[in-house]
Amino acid sequence: MAEAQGFVGRLRETDEALTAIRAGNHVLVVGRAGIGKTAFMRHIWAQLTKSKPENATIAWVPSGTTKVAFVELARQIHESSGLDIPAGKLPRQVETRARRGGWLLWENIYRTINRMPLAELATIIINSLDHQDEKALVFLESLEVPASQAEFFTDLIERVQVIAGMDSTNRRRRIEKILWKFPVQIALKPLPIEGCEQIIEQWLDENPLRFSHEGLRPRFIRAVAQQSGGVPEAIINMLVAAGNENEITPAKVSTMTNEAGRQYLDMTPVILIGLIVFMALRYISRGLSDVEMAVLAGVGSALFIGLRLVMGKLAMKK
């Protein structure tokens, strides 16, 4: 199902991403929560993994803390081409085993790697990547990077090719230097109704629901598609909820809703126009010496300025 969620209606974006990656560019996949960034990147990762050269590293790093991400990256580098760990960093018995066998399993070094400070681990990863014949390709599921740890990712991006996902609501100005390194950004937009219906059909084939009458199925599919707002995760959430029902009836279809399908009117232009009108009235009232109009204009201006400030505060909290 993950593949269906990520690629229904995403052919153009898929071709754009593959072209950019094969040209050696860093790629940033941007979209709202639930839009299918992870599924989209997983598909690209799977496509490239099928034809990767021997000993080349094509790593998938799931979202999590920076330490968790770097430990997982270290594991994949070690399993594909080996980590360049300086002498004396591993326990003596482990180093002895390495000299005898010439190779260590990840299980033999995991505890040591996991206990290392982040800076030391990052240095080992960078040195190991510098010694690879092929440039590594690293997929970062989420580029939600704390500003205090941005330097580790900056060093990483300078040595590997990165494909990363980022929520479109990310407002972290302190990581702009990282974002500048991504010349290609692919924005995933909501799916059209037809794409949503295709996902729903596939889900229903794998997870049949009981409808009160067969003619209700098309109506159910259309309702879920419309209420999802074109967001794949919203579609799946609604389908899972419907799967908990003993039977899907017309009444239940009519009451199906999802936050993703709600449309909100942006009042910013209205507020700005209102503010301009009342400011103009202030000057007109002065010319006409109309006290009542001046008071009305002043109150109106203050009201619209207050609304604009409140809306700005609410937008920053999202």
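Positions are given from 1 along the sequence.
The number of heavy-atom neighbours closer than 6.0 Å to CG of Asp15, taken from other residues, nucleotides and ligands shown, is above 12. Residue Arg219 places its CZ atom among more than 12 non-hydrogen atoms of other residues, nucleotides or ligands, all under 6.0 Å distant. Within 6.0 Å of the NZ atom in Lys89, the count of heavy atoms belonging to other residues, nucleotides or ligands does not exceed 12.
Put simply, the side chain of Asn127 gets close to the backbone of Thr123: a donor and an acceptor are under 3.5 Å apart. In terms of modelled atom types and a separation under 3.5 Å, the side chain of Lys37 and the main chain of Val29 share no donor-acceptor contact. With hydrogens and angles ignored, the 3.5 Å screen pairs a side-chain donor or acceptor of Gln76 with a backbone N or O of Trp60. Using modelled atom types, one side-chain atom of Lys252 and one backbone atom of Glu247 make a donor-acceptor pair closer than 3.5 Å.
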For this session: Show your reasoning for whether side-chain contact (heavy atoms from CB on, under 4.5 Å) applies to Val162 and Phe153.
Result: CA-CA 10 Å; Val162 173; Phe153 286 89; over 6 Å; no
Problem set entry | Full working for side chain to side chain donor-acceptor pair (under 3.5 Å) between Arg210 and Thr249 | CA-CA 9 Å; Arg210 180 183 177 186; Thr249 64; over 6 Å; no
Problem set entry | Chi angles and distances behind the side-chain contact (heavy atoms from CB on, under 4.5 Å) call for Ile44, Ile163 | CA-CA 10 Å; Ile44 302 298; Ile163 296 86; 5.7 Å; no
Exercise. Can you check salt bridge (Lys or Arg N to Asp or Glu O under 4.0 Å) on Glu158 and Lys181, steps first, answer last?
Worked result: CA-CA 9 Å; Glu158 289 177 352; Lys181 295 182 180 294; 3.6 Å; yes
For this session: For side-chain contact (heavy atoms from CB on, under 4.5 Å), just list the numbers for Asp130 and Asp84, CA-CA rounded to whole Å, side-chain angles, deciding distance to a tenth of an Å, and then say yes or no.
Result: CA-CA 10 Å; Asp130 286 341; Asp84 185 11; over 6 Å; no
For this session: Could you walk me through whether Val253 and Leu216 pass the side-chain contact (heavy atoms from CB on, under 4.5 Å) test, one step at a time?
Result: CA-CA 9 Å; Val253 172; Leu216 187 60; 4.0 Å; yes
For this session: Please step through salt bridge (Lys or Arg N to Asp or Glu O under 4.0 Å) for the pair Glu72 and Lys67, ending with a clear verdict.
Result: CA-CA 9 Å; Glu72 176 59 22; Lys67 181 62 178 291; over 6 Å; no
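In this structure, CD1 on Ile186 lies 10.5 Å from CE on Met41, to the nearest 0.5 angstrom. The CZ atom of Arg12 sits 6.0 Å away from atom CD of Glu16, with the distance rounded to the nearest 0.5 Å. Remark: Leu137 CG to His26 NE2 distance equals 10.0 Å, nearest 0.5 Å. Expressed to the nearest 0.5 Å, how far CD1 of Ile236 lies from CH2 of Trp203 amounts to 7.5 Å. Here the CD1-CG distance, from Ile109 to Asn114, works out to 11.5 Å after rounding to the nearest 0.5 Å. To the nearest 0.5 angstrom, Lys189 atom NZ is 8.5 Å from Glu13 atom CD.
You'll find the side chain of Ile35 reaches within 4.5 Å of the side chain of Arg32, heavy atoms only. Using a 4.5 Å cut-off on side-chain heavy atoms (C-beta onward), Pro86 and Ile124 make contact. Gln226 has its side chain within reach of Ile193: a pair of non-hydrogen atoms, C-beta onward, lies under 4.5 Å apart. At least one side-chain heavy atom of Met116 sits under 4.5 Å from a side-chain heavy atom of Ile113. Within the 4.5 Å cutoff, the side chain of Leu191 has heavy atoms near those of the Arg10 side chain. Side chains of Val27 and Phe182 form no contact here, defined as non-hydrogen atoms less than 4.5 Å apart. Glu245 places a side-chain heavy atom less than 4.5 Å from the side chain of Ile248. Side-chain contact between Ile125 and Leu73: present, with at least one pair of heavy atoms (C-beta onward) separated by less than 4.5 Å.
Of all heavy-atom pairs spanning Ala225 and Ile200, the tightest one is N-CD1, 3.6 Å. The two residues Ala234 and Ser228 make their nearest non-hydrogen contact at CB-O, 3.8 Å. The minimum heavy-atom distance linking Phe70 with Ala122 is given by the pair CE2-CB, 3.8 Å. Considering all non-hydrogen atoms of both residues, Ser63 and Ser142 come closest at CB-CB, 3.7 Å. Contact between Asn25 and Pro183 at its shortest, heavy atoms only, is OD1-CG, 3.9 Å. Of all the heavy atoms in Glu141 and Pro62, the pair that sits closest is OE1-CA, 3.2 Å.
Under 3.5 Å, the side chains of Gln198 and Glu194 contain no donor-acceptor pair of N or O atoms. A donor and an acceptor atom, one from each side chain of Gln132 and Thr57, are located under 3.5 Å apart.
Phe220 and Phe211 have perpendicular rings, their planes meeting at more than 60° on a 0 to 90° scale where under 30° would count as parallel.
Cluster annotation: Val68 is not connected to Leu83 through the hydrophobic network of ILVMFWY side chains, with a link wherever side-chain heavy atoms come within less than 4.5 Å.
With salt bridges taken as basic N to acidic carboxylate O contacts below 4.0 Å, none links Arg75 and Glu107.
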